[in-house]
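The structure appears below as structure tokens.
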Amino acid sequence: MALFDLKDFDNHEQVVFCSDDESGLKAIIAVHSTKLGPAVGGCRMWDYASDEDAITDVLRLSKGMTYKNAMAGLTMGGGKSVIIGDAKKIKSDALFKAFGRALNGLGGRYVSAEDVNITTGDIAVVNTETDFVTGTEGKSGNPAPFTALGTFLGIKAAVKHKLKSDDLSGLTVAVQGLGSVGLYLCEHLHNAGAKLVVTDLNQEALDKVQTQFGAKIVGLNEIYDQDADIYAPCALGATINDGTIDRIKAKIVAGCANNQLAEPRHDQALVERGILYAPDYVINAGGIINVSFEENYCVDQATAKVEEIYNTLLDVFEKADSTGKPTGEVADEMAREIIAKGGK
Ligand code: NAD
């Protein structure tokens with residue numbers, strides 16, 4: 001594999017491959033940019049089909065963090081890490097400690113937090129070996145409720161722009177993924193009067209959302225075909241692809257998942273179908289914004305900053321209208337401008 005030539009490599013400052021025989025740790029840490037500050041981004045644990053898939057994922061996610069942190073107005077660069085393996089089988093204190101020692105080796109150029117399959121408890125174990133973690137219990141804690149709040153406000157901004165309404169009541173939202181973020185998001189949407197159509201692999205989560213919020217449950221592959229006003233991808237990435245794009249009936253795509261577009265060209269493809277896309281790294285920045293308040297944590301300050309996502313997205317939508325460019329491209333340009341200026 002020609003790592004430097006990969007399209008997702010995009011001038012990463014540093015990519016570190018870590019392994020530890022005793023605990024079985026196999027991890028990749030990607031530091032995309034430290035231009036605005038130390039690279040901050042979560043750690044994902046996933047049973048990748050191949051090492052190439054893991055590399056692609058970590059590179060795309062870490063570049064996304066650079067853009068996300070810039071657009072959120074944070075003095076942080078972008079990075080991400082992945083631990084390779086099945087979370088149900090490989091988790092151990094020894095493994096997270098080994099990962100902590102690997103983080104230490106970067107001397108603070110990268111600071112890790114939670115992402116898919118990594119809990120605050122796991123980060124607490126990493127924290128026994130290194131200070132270069134954030135989102136810890138007793139400080140900013142679990143970022144998921146803040147990611148959900150930002151995503152909810154982002155959905156409201158998209159509804160305001162596309163449907164000219166401040167009211168979600170009666171609208172149907174198709175939520176794909178009822179994990180740490182998806183469940184909180186469903187609660188916000190239900191409280192705002194939205195109807196929910198949901199899917200997940202996890203029956204317990206489905207039962208919960210059906211009982212508590214009256215959600216309709218559909219099969220994993222049926223979520224794209226729903227008569228919904230909003231499609232909210234809240235599981236994994238690349239669900240907007242050649243196989244799904246023509247099936248989406250919703251007028252808005254707005255959810256918390258990272259890297260929702262399989263290819264950059266799907267940004268324009270959504271425009272051609274008359275669908276408003278809330279760029280993933282703008283709408284899902286609530287968690288990282290909360291984490292940025294880790295030291296001297298104040299929930300009110302963090303919440304106020306998360307609420308800025310609403311106006312940032314309106315700004316992106318308006319610029320897209322005035323320039324005729326797709327929203328993802330507009331967000332990328334805005335982020336690059338912020339980075340070039342050295343911060344917001
Ligand atoms: P999670 O692991 O808690 O939840 C993911 C959920 O998706 C699980 O319930 C899982 O069963 C479900 N799922 C997996 N494959 C699915 C499929 N094919 N169809 C339907 N459901 C499926 O993860 P999370 O923390 O809730 O994160 C969700 C997404 O949001 C991820 O893409 C993550 O990178 C992104 N994100 C999370 C945060 C955060 O604060 N946790 C912040 C920013 C972005």
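Counting starts at 1 for both ligands and their atoms, in listed order.
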For N104, enumerate each residue passing the side-chain hydrogen bond (donor to acceptor under 3.5 Å, both in side chains) test, keeping only those at least two apart in sequence or located in another chain.
T130
Do K325 and E333 sit within salt-bridge range, that is, some charged N less than 4.0 Å from a carboxylate O?
yes
Return a table of N or O atom pairs, ligand 1 on one side and protein on the other, at distances under 3.5 Å, rounded to 0.1 Å.
residue: ligand 1; atom: 3 (O); partner: S180; partner atom: N; Å: 2.9
residue: ligand 1; atom: 3 (O); partner: S180; partner atom: OG; Å: 2.9
residue: ligand 1; atom: 9 (O); partner: D200; partner atom: OD1; Å: 3.3
residue: ligand 1; atom: 9 (O); partner: D200; partner atom: OD2; Å: 2.7
residue: ligand 1; atom: 11 (O); partner: D200; partner atom: OD1; Å: 2.7
residue: ligand 1; atom: 26 (O); partner: S180; partner atom: N; Å: 3.1
residue: ligand 1; atom: 26 (O); partner: V181; partner atom: N; Å: 2.9
residue: ligand 1; atom: 30 (O); partner: C256; partner atom: O; Å: 3.3
residue: ligand 1; atom: 32 (O); partner: A235; partner atom: O; Å: 2.7
residue: ligand 1; atom: 32 (O); partner: N258; partner atom: N; Å: 3.3
residue: ligand 1; atom: 34 (O); partner: R44; partner atom: NH2; Å: 2.8
residue: ligand 1; atom: 34 (O); partner: D115; partner atom: OD1; Å: 3.1
residue: ligand 1; atom: 34 (O); partner: N258; partner atom: ND2; Å: 2.8
residue: ligand 1; atom: 40 (O); partner: T147; partner atom: OG1; Å: 2.7

Verify side-chain hydrogen bond (donor to acceptor under 3.5 Å, both in side chains) between T199 and Q176, making sure each step is shown before the conclusion.
CA-CA 5 Å; T199 192; Q176 179 184 44; over 6 Å; no
Of T66, I288, T134, the residue whose pairing with M76 passes side chain to side chain contact (heavy atoms under 4.5 Å, CB included)
I288
Is it true that D93 and K97 make a salt bridge, defined as a side-chain N closer than 4.0 Å to a carboxylate O?
no
Side chains of S140 and E294: is there a donor and an acceptor less than 3.5 Å apart?
yes
